[in-house]
Amino acid sequence: MDAAAFRTAHGEPVPAVTAAEMAEVDRVAVEEFGLGIIQMMEHAGRTLSRTALESDANQMVVVAGGGGNGGGGLACARHLAARDRLHSIVLDRSPDEYEGAPATQLRLLERMGVEIIDADAAPEPAATAISDADRIIDALIGYGLTGAPRGTAGDLITEMQSAAAPALSLDVPSGVDATTGETAGVAVEPEQTLTLALPKTGLTATAGSLRCADLGILAGVYEAADIDYDHPFGDQFCVDLTVTE
Ligand SMILES: NC(=O)C1=CN([C@@H]2O[C@H](COP(=O)(O)OP(=O)(O)OC[C@H]3O[C@@H](n4cnc5c(N)ncnc54)[C@H](O)[C@@H]3O)[C@@H](O)[C@H]2O)[C@H](O)CC1
Ligand SMILES: [K+]
């Protein structure tokens with residue numbers, strides 16, 4: 001943990017956590033406090049969609065992975081589709097491979113009749129969707145990244161990087177190590193990142209602006225996970241952050 005890595009616009013210090021610390025917060029929230037992953041994911045997706053909707057873009061593409069990061073992106077996609085601002089969803093794997101909360105999110109979108117492209121099976125339509133979009137929502141990999149991006153996920157990061165449209169990354173830019181900020185291979189360079197619950201230590205050198213979304217995690221969870229936490233959101237549900245000089 002870095003106790004004062006970031007500041008709000010009001011100058012209040014906000015700590016940054018490592019991926020392991022955030023994963024422990026998630027574990028305590030779910031196992032000891034009964035907060036559902038789907039509840040936190042819904043907050044992530046809704047705040048992500050609100051941030052995305054601040055732009056004029058109306059052909060947004062959501063690039064979603066198979067984990068918790070992808071699940072948040074899929075929740076966002078549902079809100080964009082309801083407002084007719086979604087171009088399509090690009091997945092790095094078959095819809096059949098999704099499990100748990102991300103699968104719940106995906107099944108809802110399938111029932112909405114939204115266009116969902118499996119980039120593993122259909123790489124060319126996926127690349128076209130990314131290059132045609134006027135904004136890219138990067139929800140491919142979050143703090144669960146291990147090593148350099150491989151396979152279809154790696155190809156999608158390269159395509160997001162070469163696209164003309166700006167990217168909005170969820171939690172951490174895909175390909176960036178949430179703890180160290182290092183990139184072992186390709187990585188998204190976003191215009192903006194919406195990080196979740198608390199900023200991650202690896203975000204201090206990240207390209208673009210940074211915002212943090214409230215996931216409704218109770219202060220007691222942070223206490224139980226041994227993280228010094230002071231609710232940074234005031235009466236808002238997200239807050240813009242800058243790196244402490
Ligand atoms: N309280 C919170 O902060 C919450 C955050 N959420 C979001 O969940 C992710 C973390 O979810 P997790 O499932 O642990 O991992 P990811 O989705 O980040 O990544 C797993 C996903 O990525 C693939 N992958 C990993 N490394 C590679 C690689 N080198 N190459 C290719 N693919 C890779 C892996 O196969 C998995 O499919 C966090 O960032 C938040 O966005 C929760 O939604 C709610 C609580
Ligand atoms: K991401």
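What you see below is based on every heavy atom in this structure, not just the backbone, and it leaves out hydrogens, waters and symmetry mates. Order of appearance sets the numbers: ligands from 1, and atoms from 1 within every ligand.
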### Message
Give the atom numbers and elements of ligand 1 that come within less than 4.0 Å of a heavy atom of G142.
### Response
16 (P), 18 (O), 39 (O)
### Task
Give me the protein N, O or S atoms that fall under 3.4 Å of the K ion (ligand 2), sorted by chain and residue number.
N69 OD1, D138 O, I141 O, L170 O, V172 O, S174 OG
### Query
Does L196 come within less than 4.0 angstrom of ligand 1, counting non-hydrogen atoms of the residue?
yes
#### Entry: SB check E42 R78 (cutoff 4.0 Å)
yes
### Task
For atom 14 (O) of ligand 1, grab the closest protein heavy atom and report residue, atom and distance to one decimal in Å.
Y143 CE1, 4.0 Å
### Under 4.0 Å to a heavy atom of G147 - the qualifying atoms of ligand 1, by number
29 (N)
### Summary
Residue, atom and distance of the protein heavy atom nearest atom 27 (C) of ligand 1 read R150 NH2, 3.7 Å
### Query
Where the closest heavy atom to atom 22 (O) of ligand 1 is concerned, which of L170, I37, V186, I141 has it?
I141
### Task
Please report which non-hydrogen protein atom sits nearest to atom 5 (C) of ligand 1, along with the residue it belongs to and the distance in Å to one decimal place.
D26 OD2, 3.9 Å
### Task
Could you establish whether A148 and ligand 1 come within less than 4.0 Å of each other, counting only heavy atoms on the residue side?
yes
#### Entry: Distance from atom 21 (C) of ligand 1 to nearest protein heavy atom, with residue and atom
G67 N, 4.2 Å
### Message
Could you check whether any heavy atom of T152 sits closer than 4.0 Å to an atom of ligand 1, since that is the contact criterion I want to use?
### Response
no
### Task
Within a distance under 4.0 Å of any heavy atom of G144, pick out the atoms of ligand 1 and give their elements.
15 (O), 16 (P), 18 (O), 19 (O), 25 (C), 26 (N)
### Task
Look at atom 26 (N) of ligand 1 and say which protein heavy atom is nearest, naming residue and atom and giving the distance to 0.1 Å.
T146 N, 3.0 Å
### Query
Taking the side chain from T244 and the backbone from A5, do they hold a donor-acceptor pair closer than 3.5 Å?
yes
#### Entry: Contact check, P149 vs ligand 1, heavy-atom distance below 4.0 Å
yes
### Query
Hey, which atoms in ligand 1 end up nearer than 4.0 Å to a heavy atom of M41?
43 (O)
### Query
For atom 44 (C) of ligand 1, which protein heavy atom lies nearest, and how many Å away is it?
M40 CB, 3.8 Å
### Query
Which heavy atom of the protein is the closest neighbour of atom 41 (O) of ligand 1, given with residue, atom name and distance?
N69 ND2, 2.8 Å
### Message
Among all the protein's non-hydrogen atoms, which is closest to atom 39 (O) of ligand 1, and how far away is it?
### Response
D171 OD2, 2.6 Å
### Query
Would you say L215 and ligand 1 have an N/O pair spaced under 3.5 Å apart?
no
### Message
Give the atom numbers and elements of ligand 1 that come within less than 4.0 Å of a heavy atom of I217.
### Response
1 (N)
### Task
Could you pull out, from M22, R93, K200, the option with a heavy atom nearest to atom 34 (C) of ligand 1?
R93
### Message
When you compare ligand 1 with G68, is there at least one nitrogen or oxygen pair between them that comes in under 3.5 angstrom?
### Response
yes
